[in-house]
Amino acid sequence: IVALVAFIIALSVASDGASNDSSGAPAAIDCDMDVPCKLGDAAVTITKVTRPDALTRPTNHVYRGDWVVVQFDYTWRGSSPAETTVPGYRAWRLKDGEGRTYKLNHTHTSSHDIAWNRDLMYSDVNPGVAEEGVIIFETAPDAKDLSLEVVDLVSPRNSKRAEVPLWVEH
């Protein structure tokens, strides 16, 4: 019995350190900006975060609001090319210090990623090649202490979840 208990303890220590939360879902792994966050078959590096009060679409229309623009690098670590998915993007969540969550703004994300040559929605990615992406959120005016929950853009259901505290450039 002692050997069995020791074996079970060893297995739990050998896990990636992410324990389950009260819902039974794996807890998010902690990652930092500017450091590759390994999500399984992919790695995401959050490279820059800004909070503009206006976004200008490629049509030159200006949209006022409280925006969070996250630039990142995505590296597929699989053995063959793959395609990213919109559900992968939709699984990313921005959280503020008060516990509020925000989904991506699909319209602005899709228009800006193309205009800024950071288009990763339905894009082919090659193993080991870092690709640049962008994701845009609209937040409450008083949102602060932001963090981003990310998953793999190719296979979000099989991915580890990671939480990245965000440092906003002014």
Side-chain angles (χ1 to χ4, degrees), residues 7 10-21 23-52 55-58 67-96 101-139 146-169:
F7 177 73
L11 276 179
S12 66
V13 169
S15 72
D16 63 9
S19 61
N20 289 352
D21 64 17
S23 70
I29 57 176
D30 293 326
C31 293
D32 292 310
M33 281 186 62
D34 294 320
V35 177
C37 185
K38 296 175 183 169
L39 304 173
D41 287 335
V44 171
T45 305
I46 306 301
T47 57
K48 183 177 181 179
V49 180
T50 57
R51 294 229 31 197
L55 293 173
T56 304
R57 297 269 305 271
W67 306 102
V68 174
V69 178
V70 179
Q71 295 180 35
F72 63 92
D73 292 336
Y74 176 84
T75 305
W76 173 242
R77 298 171 357 137
S79 59
S80 59
E83 183 179 48
T84 62
T85 66
V86 170
Y89 267 88
R90 289 187 177 144
W92 287 30
R93 295 281 185 271
L94 183 71
K95 293 191 231 178
D96 68 20
T101 60
Y102 306 92
K103 294 180 181 180
L104 86 150
N105 183 295
H106 190 272
T107 301
H108 288 295
T109 296
S110 62
S111 68
H112 283 83
D113 65 3
I114 293 168
W116 296 343
N117 199 26
R118 290 179 161 268
D119 184 17
L120 277 177
M121 285 193 195
Y122 293 118
S123 291
D124 292 327
V125 289
N126 288 306
V129 178
E131 302 283 347
E132 296 179 327
V134 65
I135 189 166
I136 299 173
F137 300 88
E138 186 171 17
T139 67
L146 302 172
S147 64
L148 183 64
E149 185 176 290
V150 300
V151 297
D152 181 9
L153 295 176
V154 170
S155 56
R157 290 190 176 146
N158 299 325
S159 172
K160 294 178 184 177
R161 291 182 308 122
E163 183 134 350
V164 184
L166 301 180
W167 302 101
V168 179
E169 291 184 15

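Count residues from 1 along the sequence. The shown structure was predicted, so the numbers you read here are calculated from the model rather than taken from an experiment.
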Student: Considering only heavy atoms from C-beta outward, does the side chain of Val44 approach that of Trp92 to under 4.5 Å?
Tutor: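 Yes, close enough: below the 4.5 Å cut-off.
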Student: Just to verify, what does Glu149 make a side-chain hydrogen bond (donor to acceptor under 3.5 Å, both in side chains) with, not counting sequence neighbours?
Tutor: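 If we apply the side-chain hydrogen bond (donor to acceptor under 3.5 Å, both in side chains) test to Glu149, skipping adjacent residues, the hits are Arg161.
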Student: Rounded to the nearest 0.5 Å, how far apart are CD of Glu138 and CG of Leu94?
Tutor: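 The CD atom of Glu138 sits 12.0 Å away from the CG atom of Leu94.
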Student: Identify, with sequence neighbours excluded, every residue that meets side-chain contact (heavy atoms from CB on, under 4.5 Å) alongside Lys48.
Tutor: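 By the side-chain contact (heavy atoms from CB on, under 4.5 Å) rule, Lys48 matches Thr50, Gln71, Glu169.
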Student: Can you check whether Gly40's main-chain N or O pairs, donor with acceptor, with Arg77's side chain at less than 3.5 Å?
Tutor: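 It does hold such a pair.
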Student: Any idea which heavy atoms bring Val70 and Phe72 closest together, and the distance?
Tutor: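 Scanning both residues, the minimum pair turns out to be O-CD2, 3.9 Å.
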Student: Which heavy atom of Pro156 sits nearest to which heavy atom of Val151, and what is that distance?
Tutor: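 For Pro156 versus Val151, the nearest heavy atoms are CB-CG2, 3.7 Å.
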Student: Taking side chain as C-beta onward, heavy atoms only, is Val154 less than 4.5 Å from Tyr74?
Tutor: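 Yes, close enough: below the 4.5 Å cut-off.
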Student: Test of understanding: with side-chain hydrogen bond (donor to acceptor under 3.5 Å, both in side chains), list the residues that count as partners of Thr45, not counting sequence neighbours.
Tutor: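 If we apply the side-chain hydrogen bond (donor to acceptor under 3.5 Å, both in side chains) test to Thr45, skipping adjacent residues, there are no hits.
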Student: As an exercise, state the distance from CD of Glu163 to CG of Asp32, rounded to the nearest 0.5 Å.
Tutor: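 Answer for the CD-CG pair, Glu163 versus Asp32, is 11.5 Å.
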Student: What residues form a side-chain contact (heavy atoms from CB on, under 4.5 Å) with Ala162, not counting sequence neighbours?
Tutor: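 For Ala162 the side-chain contact (heavy atoms from CB on, under 4.5 Å) partners, ignoring immediate neighbours, are Ile29, Cys31, Cys37, Leu39, Val150.
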Student: If every non-hydrogen atom of Ile136 is compared with every non-hydrogen atom of Leu55, which pair is closest and at what distance?
Tutor: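 Smallest heavy-atom distance, with atoms named: CG2-CD1, 3.8 Å.
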Student: Kindly compute the distance separating OG1 (Thr85) from CG (Asp152), expressed to the nearest 0.5 Å.
Tutor: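 The OG1 atom of Thr85 sits 8.0 Å away from the CG atom of Asp152.
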Student: Please enumerate all residues that pass side-chain hydrogen bond (donor to acceptor under 3.5 Å, both in side chains) together with Ser123, with sequence neighbours excluded.
Tutor: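 Testing Ser123 for side-chain hydrogen bond (donor to acceptor under 3.5 Å, both in side chains), a comparison that skips the adjacent residues, returns none.
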Student: How far does OG1 of Thr47 sit from CG of Asp34, to the nearest 0.5 angstrom?
Tutor: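 Separation between the atoms: 7.0 Å.
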Student: Rounded to the nearest 0.5 Å, how far apart are CG of Leu148 and CZ of Arg93?
Tutor: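 Spacing of CG (Leu148) from CZ (Arg93) equals 10.5 Å.
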Student: Run the side-chain contact (heavy atoms from CB on, under 4.5 Å) test against Pro127 and tell me which residues pass, sequence neighbours left out.
Tutor: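 With neighbours one apart ignored, the set is Trp76, Pro81.
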Student: Would you call Asn105 and Trp67 a side-chain contact if the rule is heavy atoms closer than 4.5 Å?
Tutor: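 They are in contact (side-chain heavy atoms under 4.5 Å apart), so the answer is yes.
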Student: Looking at side-chain heavy atoms only, is the closest gap between Thr139 and Arg51 below 4.5 Å?
Tutor: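 Yes - at least one pair of side-chain heavy atoms lies under 4.5 Å apart.
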Student: Say you draw a straight line from CZ of Arg90 to CG of Leu153; how long is it, rounded to the nearest 0.5 Å?
Tutor: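 The CZ atom of Arg90 sits 13.0 Å away from the CG atom of Leu153.
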Student: Holding to side-chain hydrogen bond (donor to acceptor under 3.5 Å, both in side chains), I want the full list of residues that pass it with Asp96, two or more places apart in sequence or in another chain.
Tutor: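 Result, side-chain hydrogen bond (donor to acceptor under 3.5 Å, both in side chains) vs Asp96: Arg100, Tyr102.
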Student: Where is the tightest heavy-atom contact between Leu166 and Met33, given as atom of each residue plus distance?
Tutor: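 Of all heavy-atom pairs spanning Leu166 and Met33, the closest is CA-SD, 3.7 Å.
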